[in-house]
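As the structure is a prediction and not an experimental result, all values here were calculated from the model.
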Amino acid sequence: MNRLHRAISRANGKPLLGTALYFYDPIFLEISAHMGFEVVWIEMEHAGITFAEAADLCRMAAGSGVLSMIRIPDTRRESVLKAAECGPDIIDIPMVDSPEQVHELLQHARFAPEGRRGHFGVSRALRYGIVDSIPEEQQSLNAELSLLVQIETAEALRRVHEIAAVPGVDIFIGPSDLAASLGIPGQTSHPKLLAAAREIVRVARIYDKKVATACAVTDFVHWTRLGVDVLFCANDIAALKAGAGLALKAATEAIEQAAIEVGTTA
């Protein structure tokens, strides 16, 4: 049982709550930890975070007592290996449409005999080599590093049994991209999308997989009812917009109220 699975087990049926970092912001990570978020998502598919910054964020997450997840854009050896050396708790791969992609991820993320992960004995993941036995630490990493594959296309939905049957990975459902692939872009509450989500969760449970997702506030109840294990429910940009929006609204209303009062007493 890896760190993610242990955390899920301790949650007693409630989803772990996560937040995403789309840019390098240690302050947001630390605030999230203080607020009670349990997982931080370090975004490297769409955002410009570097591997050096990702490693720093993993350090901060570990020091703050939260799990770290790096999402990289693909299963290329370079992408997987560099993310793994940052020492995250979880690596997530988007747009996984086939079991072949899952096997490629496993080959690059696991040390022999489970895979072909390259030897680098002084990475953060291996405690910079300050261990009694590097081979033993490598095997410990094989057990501890959680791997998530994203089901977010019609093709992945069609092959969900094949993907979920591969040992050693868990499932991340991407509602927005899945909705777009199903011909209903932006409609993450559409019955077609919700039915697909139910099917993916059902199949995941057949193969004893954990399930994660990220969604908007309007969809929290649906995903909670489905029993997902990890729910990413916030991100740095959305939090900035929401906070700034509340302040702007309150200030605008105060100005309007003051103008009314001045007009009344004039």
Side-chain angles (χ1 to χ4, degrees), residues 2-4 18-35 37-96 101-102 104-111 115-130 134 137-138 141-142 144-150 152 169-170 172 174 176-177 212 214 230 232-241 243:
N2 60 38
R3 286 185 290 270
L4 173 61
T19 187
L21 281 74
Y22 295 155
F23 54 92
Y24 179 71
D25 190 346
I27 294 174
F28 183 78
L29 187 156
E30 196 167 34
I31 288 172
S32 297
H34 285 311
M35 290 183 71
F37 285 98
E38 298 150 293
V39 192
V40 293
W41 165 352
I42 301 163
E43 174 56 33
M44 296 185 69
E45 180 191 11
H46 295 287
I49 293 174
T50 67
F51 282 109
E53 291 170 337
D56 273 348
L57 292 170
C58 288
R59 290 185 187 95
M60 296 168 203
S64 300
V66 297
L67 297 172
S68 58
M69 181 185 89
I70 298 178
R71 178 165 78 171
I72 50 179
D74 51 54
T75 56
R76 289 182 304 122
R77 181 179 184 274
E78 179 183 9
S79 299
V80 177
L81 192 56
K82 287 185 176 180
E85 304 299 20
C86 292
D89 299 293
I90 309 157
I91 293 177
D92 175 57
I93 304 292
M95 296 289 178
V96 173
Q101 287 174 273
V102 182
E104 184 177 17
L105 169 63
L106 287 163
Q107 284 296 299
H108 298 326
R110 303 295 191 213
F111 293 104
R116 294 182 288 120
R117 177 172 168 177
H119 179 97
F120 183 55
V122 292
S123 71
R124 177 178 185 270
L126 280 167
R127 303 185 209 174
Y128 310 102
I130 308 171
I134 286 180
E137 192 67 20
Q138 288 175 335
L141 274 177
N142 277 355
E144 286 291 350
L145 178 59
S146 180
L147 302 175
L148 296 182
V149 295
Q150 290 196 216
E152 50 187 347
V169 299
D170 290 305
F172 189 119
S176 295
D177 281 317
V230 183
F232 286 99
C233 53
N235 64 69
D236 46 14
I237 295 175
L240 282 170
K241 289 195 300 182

| Can you list the steps and then say if Leu81 with Phe120 is a side chain to side chain contact (heavy atoms under 4.5 Å, CB included)? | CA-CA 10 Å; Leu81 192 56; Phe120 183 55; over 6 Å; no
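Considering only heavy atoms from C-beta on, Arg117 stays 4.5 Å or farther from Arg110 through its side chain. Here the side chains of Asp170 and Val230 are not in contact, with every heavy-atom distance at 4.5 Å or above. The closest side-chain heavy-atom distance from Leu147 to Val169 is below 4.5 Å. Counting heavy atoms from C-beta on, the side chains of Val40 and Leu57 never come closer than 4.5 Å. Two residues are said to be in side-chain contact when any heavy atoms from C-beta on lie closer than 4.5 Å; Val39 and Ile90 meet this criterion. Residues Ile93 and Ile72 form a side-chain contact, since some pair of their non-hydrogen atoms from C-beta on lies under 4.5 Å apart. Within the 4.5 Å cutoff, the side chain of Ser123 has heavy atoms near those of the Leu126 side chain. The side-chain heavy atoms of Cys58 and Ile70, taken from C-beta on, include a pair separated by under 4.5 Å.
Looking only at distances, no side-chain donor or acceptor of Ser146 sits under 3.5 Å from a matching main-chain atom of Asp89. Panel note: side chain Glu30, backbone Ser64; no donor-acceptor pair is recorded below 3.5 Å. In terms of modelled atom types and a separation under 3.5 Å, the side chain of Asn235 and the main chain of Tyr22 share no donor-acceptor contact. A side-chain donor-acceptor contact under 3.5 Å links Arg124 to the backbone of Gly87.
Taking CZ of Phe111 as the start and CD of Gln138 as the end, the distance is 4.5 Å to the nearest 0.5 Å. Once rounded to the nearest 0.5 Å, the distance linking CD of Glu38 with CG of Leu67 reads 8.5 Å. Annotation: the span from Asn2 atom CG to Leu141 atom CG amounts to 11.5 Å, rounded to 0.5 Å. The distance from atom CE of Met44 to atom CE of Met69, rounded to the nearest 0.5 Å, is 12.5 Å. Atoms CE and CD1, on Met60 and Ile27 in that order, are 10.0 Å from each other to the nearest 0.5 Å. For the atom pair NZ (Lys82) and OG1 (Thr50), the distance works out to 10.5 Å, reported to the nearest 0.5 Å.
Summarising the geometry of Thr75 relative to Gln101, their closest heavy-atom pair is CG2-O, 3.8 Å, with the distance given to 0.1 Å. The two residues Phe51 and Ala83 have their closest heavy-atom pair at CE2-N, 3.5 Å. Minimum interatomic distance between Val66 and Ala33 (heavy atoms only, all atoms of both residues): CG1-CB, 3.9 Å. Nearest heavy-atom pair, Met95 versus Glu152, reported as atom, atom and distance to 0.1 Å: N-OE2, 2.6 Å. Minimum heavy-atom separation, Phe28 to Ala239: CE1-CB, 3.7 Å. Listed here is the closest heavy atom pair of His108 and Arg76: CD2-C, 3.9 Å.
Ring pair Trp41/Phe172 is perpendicular by interplanar angle, where above 60° counts as perpendicular and below 30° as parallel.
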